[in-house]
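This report refers to the structure that appears directly beneath it.
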Amino acid sequence: MSPLAPELVTDILLRLPVTSLLRFRCLSKSHCAEIDSPDFAKDHLNRSIQSKTGQKLVINNVDFMDQTDFYYAEFDDNLEDAYLLNNPLKSSRRCTAVCGSCNGLFLLGIFVKDRNMDFSLWNPFTKKYKKLPPCPVQTNPGFKRFMCFGLGYVSAANDYKIVIISKVRKSNDDDDVCFQVWVFSLNSNSWRRIQDVEDELTPWVGLYANGALYWENEYKCVGFDIANEVFFDLPLLSDFGPTVIYHDSMVVFGGNLYSPVIRNEPNSIEYYLRVSDNGGEVAGGSWRKEFTLEGERNILFDRPLPLAYSKKGDSILVNKGNVIYWYNFENQKRTWVEILGIPDVPTYNFHVCWESLVSPGNDSAFDGRAEEVIIEDSEDDSEDDLEADSD
């Protein structure tokens, strides 16, 4: 049998899940180099997004006085079973915080002492993580606490950036403070301080969508252009009508930013999609009503949080009070989801992501659940194995 053309081999590899690709690294040095390359990781991720395969639901328990466990369930298997992941920062006395996620990478933080935190980038599917150098703001004598975090991606540079906003005292007066902004670039492996932000922002974890991170306060929404490293104000929704009782905090799912509006006639939540009006630029844009969740009970006290669209786009996965269900847009039917294998704890966080090969850095380490495959000197390619696994 004649060997397959290199471009056909690459096409086959791009269709495989991450677990198979990690195994096929040992076929030859050439396969290992290709699978480990940033360009291949980018192409593999883009194909997964386009084909809507390899989407995962990562779940972690929330208990600030206990250790943090991570699990994942597969959308391709209807979220039936949960599988334990290895938390690289797991501690018996401290919880691990998810400070951001993007393209299968998770920014993890753990408090150490004096309000300081250690940060790591973690890919739970390649089982690799990288401990980041400390943010320089932590050595500032006026450092009070971290305010906001975020993880985003610059496509043009194929670079991942971490943004941290910290509250820093400028003098002996506790009320004389500024909000310093520090940016870490994975490509340069270094921190830089940029211009301060004027206001105190929430939430703790910034929302990443379409090249920007988003925070807000009671007066406005603020975006941060990841590529150009500048802040901008986001136009707010207006003219809701008389039945609006609450304008909820923004959410991100399906890769886009939404602004929810709660109405009491009927009990429903409308979701408005942020649309770019200027050729895809990050700043600016407007809001367009996209869909409505009808017949929601106790929405002021137990608000539903959309997580992801179904493959067909006719339903949406919703988390409400630690219970998840599929909501069908056409018939407004709710189908409850029970994920087997998760311990019964009071609170969980849910994170939708794509399984990816994105590396957390050149000097990353294994999280403890896998042994690195030793590449043999042989250059023989086992094409038959590739064909069998891609069926």
Q.
Any donor-acceptor pair under 3.5 Å linking the side-chain atoms of N210 with those of N256?
A. yes

Q) In this structure, are over 12 heavy atoms from other groups packed under 6.0 Å from D77 atom CG? A) yes

Q: Keeping to residues at least two apart or across chains, list the side chain to side chain donor-acceptor pair (under 3.5 Å) pairs with something in residues 337-359.
A: N60-H351

Q | NZ/NE/NH1/NH2 to OD/OE distance under 4.0 Å, D76 and K56 | A | no

**Q.** salt bridge (charged side-chain N to carboxylate O under 4.0 Å, His left out): pairs with one or both residues in residues 101-112, sequence neighbours excluded
**A.** none

Q) Per the side chain to side chain contact (heavy atoms under 4.5 Å, CB included) rule, which among Y325, W326, F253 passes with I316? A) F253

Q: Any chance you could measure L151, atom CG, to L107, atom CG, to the nearest 0.5 Å?
A: 6.0 Å

Q) Are the side chain of N116 and the backbone N or O of F111 linked by a donor-acceptor pair below 3.5 Å? A) no

**Q.** Flag, side chain of Y208 to backbone of Y153, donor-acceptor distance under 3.5 Å
**A.** yes

Q: Report yes if some heavy atom in the side chain of N319 is under 4.5 Å from a heavy atom in the side chain of P304; otherwise report no.
A: no

Q. Tell me the salt bridge (charged side-chain N to carboxylate O under 4.0 Å, His left out) pairs involving residues 170-184, sequence neighbours left out?
A. R169-D174, K170-D176

Q | salt bridge (charged side-chain N to carboxylate O under 4.0 Å, His left out) pairs, two or more places apart, involving residues 312-330 | A | E296-K320

Q. K130 and N189: side-chain donor and acceptor closer than 3.5 Å?
A. yes

Q. More than 12 heavy atoms of other residues, nucleotides or ligands under 6.0 Å from NZ of K131: is that the case?
A. no

(Q) Taking ring-ring contact (aromatic ring centres under 6.0 Å, His included) as the definition, give me every residue that meets it alongside Y83, ordered by chain and number, with sequence neighbours left out. (A) Y72

**Q.** Y258: side-chain hydrogen bond (donor to acceptor under 3.5 Å, both in side chains) partners, not counting sequence neighbours
**A.** Y309

Q. Once the angle between the rings of F106 and W122 is folded into 0 to 90°, is it parallel (under 30°), tilted (30 to 60°) or perpendicular (over 60°)?
A. tilted

**Q.** Partner residues of D199 under the side-chain hydrogen bond (donor to acceptor under 3.5 Å, both in side chains) criterion, sequence neighbours left out
**A.** K220

Q: Would you check if there is a donor-acceptor pair between the side chains of Y160 and N187 at a distance under 3.5 Å?
A: no

Q. Can a salt bridge be assigned to the pair R47 and D43 using a cut-off of 4.0 Å between side-chain N and carboxylate O?
A. no

Q. Rounded to the nearest 0.5 Å, how far apart are OG of S310 and NZ of K52?
A. 7.5 Å

Q: May I ask you to decide if L340's main-chain N or O and E80's side chain share a donor-acceptor pair within less than 3.5 Å?
A: no

**Q.** All side-chain hydrogen bond (donor to acceptor under 3.5 Å, both in side chains) counterparts of W215, not counting sequence neighbours
**A.** none

Q: For T53, enumerate each residue passing the side-chain hydrogen bond (donor to acceptor under 3.5 Å, both in side chains) test, keeping only those at least two apart in sequence or located in another chain.
A: S51

Q) Which residue pairs pass the salt bridge (charged side-chain N to carboxylate O under 4.0 Å, His left out) test when at least one of the two sits in residues 179-197, sequence neighbours left out? A) R192-E229, R193-D196

Q | Pairwise side-chain contact, V251 with L305, heavy-atom cut-off 4.5 Å (strictly under) | A | yes

Q | Between CD1 on residue I164 and SG on residue C99, distance to nearest 0.5 Å | A | 7.5 Å

Q) Is there a side-chain contact between L207 and L213, using heavy atoms and a 4.5 Å cut-off? A) no

(Q) Is there a side-chain contact between D81 and I339 in this structure, where contact means two heavy atoms from C-beta onward sitting under 4.5 Å apart? (A) no

**Q.** Partner residues of K289 under the salt bridge (Lys or Arg N to Asp or Glu O under 4.0 Å) criterion, sequence neighbours left out
**A.** E270

Q | S48 side chain to H44 backbone, donor-acceptor under 3.5 Å | A | yes

**Q.** Main-chain N/O of T68 paired with N87 side-chain donor or acceptor, under 3.5 Å
**A.** yes

Q: Not counting sequence neighbours, list each pair that qualifies as a ring-ring contact (aromatic ring centres under 6.0 Å, His included) and has a residue in residues 161-184.
A: F184-W191

Q: Might you work through the side-chain contact (heavy atoms from CB on, under 4.5 Å) test for L79 and L57, ending with a clear yes or no?
A: CA-CA 8 Å; L79 303 174; L57 183 65; 4.0 Å; yes

Q. Would you call Y271 and P306 a side-chain contact if the rule is heavy atoms closer than 4.5 Å?
A. yes

Q.
Can you confirm whether or not the ring centre of F149 sits under 6.0 Å from the ring centre of F119?
A. yes

Q.
Side chains of L108 and V98, heavy atoms from C-beta outward: is any pair under 4.5 Å?
A. yes

Q. Does the side chain of Y71 come under 3.5 Å of the side chain of N61 through a donor N or O and an acceptor N or O?
A. no

Q.
Could you check whether any side-chain heavy atom of L234 comes within less than 4.5 Å of a side-chain heavy atom of L257, counting everything from C-beta outward?
A. yes

